[in-house]
Q: 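Take this structure, written in structure tokens, and hold onto it; I'll ask about it next.
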Amino acid sequence: MANINDLDIIDAHFHQWDPKNTPHVFAPLNKLFGWNPKLYHWICNKVTPKHIAESMGSMKYIVDPYLPQDFQQDINGHNVKAAVFSPYSWKVKSDVDLADEARFVEKLFAQKPSSVKFELGAIVGNARLENTAELQALIDNYRKASGRVVGLRDMLDWHDDPRVASYAREKNMSTNKEWLKGFEIISKNNLFFDAFVFHHQLHEMDALARAYPTTQIVLSHMGTPMGAMGPFAGYGESPAEREKIIKEWQEGMARLSENKNVVVKLTGLFIPKLGWGFHNRAQPPSLNEIVDKLKPLVDFTINQFGAKRCMFGSHFTPDKVSLSYSLMYQAYKEIIKDRPEQEQKMLLADNARRVYKIKH
């Protein structure tokens, strides 16, 4: 059996951005105050709404450029062959211009420094599916921008509590009739749908998957069991509350797993919304602490969906607020070390290669 540390890694979810040169959410502030990094960081923190800042843990990994060489520095020590780009905070006047983010990423990797050894494996685009008037033109624009665009993402995460940052444009977005027309358009274009929801919304994804059984759905961040690891925004305050959250999440994931058109990204597992609280500590967590708390949830997911429908990713750089890339992947490898080598290969790379049509 091969050493797990020698196995290939395809990171199923990472970000790249440059507030200095693109329409990133912080671009206007960077233009005004980027000449003074300390002042720029202070102002970005001041203007960010409290509920968003708390959901991120810290804005320091969001407001500065994060480029191929930065990711390469983070992944050193792990055998990362390629990574899948996921969209983030690209601001445009017309939806068809969202494809410019794919052009930006393609250009980054066409001009990457020689020190960057990993490849851009695939691109997931951003879209507002209810904007059906522009959706086909957007898809066409994505295909002109890059041959690596294999799916589209739309933010469906919604929480009634204003203390929790939500990015969906309305509640129960996936039941909106116009949105569903958009979903049918991406399906007809042979693109998959990348879904980001909270654990209490998993039933919505189950309904969507059952209604469109031939359309691939990729569930981001393992269904985001908010508060499962500790207190966040008033949730998960006690062991009993956390147990209730995990049970609700398990029920939703078990039901969703019955849909063979759904695969799961084991990503975003260290965002502050889960309640780890690592970003408030002076010292990083230990490997044992992470594995002890995370392994039951990862094992449950893999056992429900099967190793062939799960794949690891980093969600870097947002998850960097909690721990290093090295520690994250040490934890992933420790969690799956007793699984057959074939399953290890699936979880770390092979499934991502298949789902995202990566040749590396």
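Remember, predicted model here, so these are calculated numbers, not experimental data.
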Q: Side chains of S220 and K265: do they bring a donor and an acceptor to under 3.5 Å?
A: yes

Q: Does a side chain donor of either D6 or N79 reach within less than 3.5 Å of an acceptor in the other side chain?
A: no

Q: Do the ring centers of Y235 and H159 come within less than 6.0 Å of each other?
A: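 Yes, ring centres under 6.0 Å apart.
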
Q: What class does the angle between the rings of F300 and W249 fall in, given that below 30° is parallel, 30 to 60° is tilted and above 60° is perpendicular?
A: tilted

Q: With distance as the sole criterion, is a donor-acceptor pair present between the side chains of T267 and H221 under 3.5 Å?
A: yes

Q: Before accepting this row, confirm whether a basic side-chain N of the pair E258/R210 lies closer than 4.0 Å to the acidic partner's carboxylate O.
A: yes

Q: Under the side chain to side chain contact (heavy atoms under 4.5 Å, CB included) rule, collect the residues that match up with K91, sequence neighbours excluded.
A: V25

Q: Does a donor on one side chain sit under 3.5 Å from an acceptor on the other, for T132 and E178?
A: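 Present: a donor and an acceptor within the cut-off.
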
Q: Decide whether D70 and Q16 meet the rule of one side-chain donor and one side-chain acceptor closer than 3.5 Å.
A: no

Q: Closer than 4.0 angstrom, basic N to acidic O: yes or no for R128 and D95?
A: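 A salt bridge links R128 with D95.
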
Q: Does one hydrophobic cluster hold both L266 and L274, with members joined at side-chain heavy-atom distances below 4.5 Å?
A: yes

Q: Would you mind listing every ring pair (Phe, Tyr, Trp, His ring centres under 6.0 Å) that reaches into residues 51-101, with sequence neighbours excluded?
A: F14-F71, H15-Y88, W17-Y88, F71-F118, F71-Y325, H78-Y329, W90-F104

Q: Salt-bridge test for R255 and E251: reply yes if a basic N is under 4.0 Å from a carboxylate O, no otherwise.
A: no

Q: Describe, in one word, how the ring planes of Y332 and F270 are oriented to each other, choosing from parallel (under 30°), tilted (30 to 60°) and perpendicular (over 60°).
A: tilted

